[in-house]
Amino acid sequence: MPAKEIAPKDIAPKDIAAPLLAWYDRAHRRLPWRAPPGANAADPYRVWLSEIMLQQTTVAAVIPYFEHFTSRWPTVEALAAAEDGDVLAAWAGLGYYARARNLIACARAVASEHGGRFPETEAALRGLPGVGAYTSAAIAAIAFGQRAVVVDGNVERVVARLFAVETPLPAARPQLRALADTITPGARAGDFAQAMMDLGATVCRPRSPDCLVCPLVVSCDSARRGIADALPAKTPKPPRPTRYANVYVLRDADEVMLVRRPPRGLLGGMLGLPMSEIADTPAPDNAHPGAPAAVRWTRSARPVTHVFTHFELHLAVFSGDLSGITKPSGDWRVANKSAARDLPTLFRKALDFVV
DNA sequence: GAACCGTGGAG
DNA sequence: TCTCCAAGGTT
């Protein structure tokens, strides 16, 4: 009989939480949305805002947006009172624009239905627009100190390695959540959640985990077996198809025509250049589907390529000038860098041809 | 469950 | 150049 085989089920909550929290106390990241050491509890508004921004988005990308938003709209009431277009323009470039639309809806719900204060329970938070299983648990734990099982991509990875779960994602998700539940302590709920995520981001990284400095290595089944780097397994993603569209840079003197996109779907609600429907094949040379006016269109030398999560878009960019013809209705802006800043990256790239 | 929804940085 | 993928949610 082997001498000290530690079965995964024998990992006790205190074997994880105590060393992890001790590590967190000395090694945690200093981030703008975290209360500074010794300060009072984190501001729920800032916790919520950061959690929405951090969905599928790197810390480095979020920081400047978080600073701008909290400077311009310091409270949830201020954000609730903002114009939709101003919030969407401030979000431009961060991606996943449904988050911005839900951000506005959520701020207004908190302002009008909750008296300007975020609800404090996971269940109540879960009912807010854009707040799902992860985010509701994270806010409950981080902003309100409640025990909640906070499972994001970091936690899935850390838990899969701790317990050497070899089932590939996403099928392993229920099991990983159940295992995370077993190691989640009741005390220091917010710190524990953030510690798991910091560990995942800085030590238990997706590639080349730094097991030598990991505070949990003595409990880690995959480290013991030398398979940490291979976990969690993932089912392969299907290849990304290539799709095509035309965009139109219509000029009138120093102005360029922009349009407000439909409220849902790709880049929904955002300001953009007039664009054709997205198709599986390029439009014929002399056809101009989606063109905002009947003028002479000049195709730019090179197409814009833009990669989305689920397809790669090849954009043919056409320039035209109204030269006296009546302006089509749209959002006409002076064509400069500040106008481009309000647009999703895709359109910024196309506008770079002319501004 | 699966498709849809952005972007930029790391390796 | 190319693949992976980051504090997910909605439909």
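Just the heavy atoms: all of them, side chains too, but no hydrogens, waters or symmetry mates, feed the values below. Sequence lines set the chain letters: A, B, ... in the order given, protein chains first and strands last, and positions in each chain run from 1.
- Only one option out of A/I63, A/V62, A/V59 pairs with A/P32 in a side chain to side chain contact (heavy atoms under 4.5 Å, CB included); it is A/I63.
- Between A/H310 and B/dC5 there is a side-chain polar atom (N or O) within less than 4.0 angstrom of OP1 or OP2.
- Atoms CG (A/L128) and P (C/dG8) sit 18 Å apart, rounded to a whole Å.
- Nearest-nucleotide mapping onto DNA chain C: of A/S50 and A/V131, the residue sitting toward the 5' end is A/S50.
- The CG atom of A/L54 sits 19 Å away from the P atom of C/dC5 (whole-angstrom rounding).
- No hydrogens or angles considered: nothing links the side chains of A/S323 and A/R251 as a donor-acceptor pair under 3.5 Å.
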Summary of protein contacts for nucleotides 6-11 of chain B, nucleotide by nucleotide, where a base hit scores B, a sugar-phosphate-only hit scores S (4.0 Å, heavy atoms) | BBS---

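- The interatomic distance linking A/K237 (NZ) with B/dC4 (P) rounds to 15 Å, in whole Å.
- Among the heavy atoms of the strands lying under 4.0 Å from A/R29 is at least one base atom, whether or not backbone atoms are also near.
- Side-chain contact check for A/L179 versus A/Q175: some heavy-atom pair is nearer than 4.5 Å.
- A/T135 comes within 4.0 angstrom of the backbone, heavy atoms only, and of no base.
- Taking OH of A/Y97 as the start and CG of A/L266 as the end, the distance is 10.0 Å to the nearest 0.5 Å.
- For the pair A/L313 CG and B/dC4 C1', the computed distance is 15 Å after rounding to whole Å.
- Side-chain contact annotation: A/T309 with A/Y96, donor-acceptor N/O pair under 3.5 Å present.
- Each of A/Q194 and A/R264 has a nearest nucleotide on DNA chain C; the 5'-most of these lies closest to A/Q194.
- Nucleic acid contact class of A/R243 (heavy atoms, under 4.0 Å, all strands): none.
- A straight line from CZ of A/F311 to P of C/dT3 spans 18 Å, rounded to a whole angstrom.
- Remark: the A/Q55 side chain and the A/T135 side chain contain an N/O donor-acceptor pair separated by less than 3.5 Å.
- A/W33 comes within contact range of at least one nucleobase, with a heavy-atom separation under 4.0 Å.
- Rounded to whole Å, atom P of C/dT10 lies 13 Å from atom CG of A/L103.
- When heavy atoms are screened at a 4.0 angstrom cut-off, A/A133 is found touching the sugar-phosphate backbone but no base atom.
- Separation of the A/W91 and A/Y65 ring centroids does not fall under the 6.0 Å cut-off.
- Across the P atoms, C/dG9 and B/dG8 are found 22 Å apart, a figure rounded to whole Å.
- A donor-acceptor pair under 3.5 Å is formed between the side chain of A/Q146 and the backbone N or O of A/E120.
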Mind running ring-ring contact (aromatic ring centres under 6.0 Å, His included) on A/F308 and A/H306 for me, showing each step along the way?
-> CA-CA 7 Å; A/F308 292 102; A/H306 189 75; 4.8 Å; yes

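- Annotation: cation-pi pair A/R243/A/F311 present, NZ/CZ under 6.0 Å from the ring centroid and within 45° of its normal.
- Between the CE atom of A/M53 and the P atom of C/dG9 there is a distance of 16 Å, rounded to whole Å.
- Residues from residues 64-80 of chain A with heavy atoms under 4.0 angstrom of DNA chain B: there are none.
- A/I139 has its CD1 atom 13 Å from the C1' atom of C/dG9, to the nearest Å.
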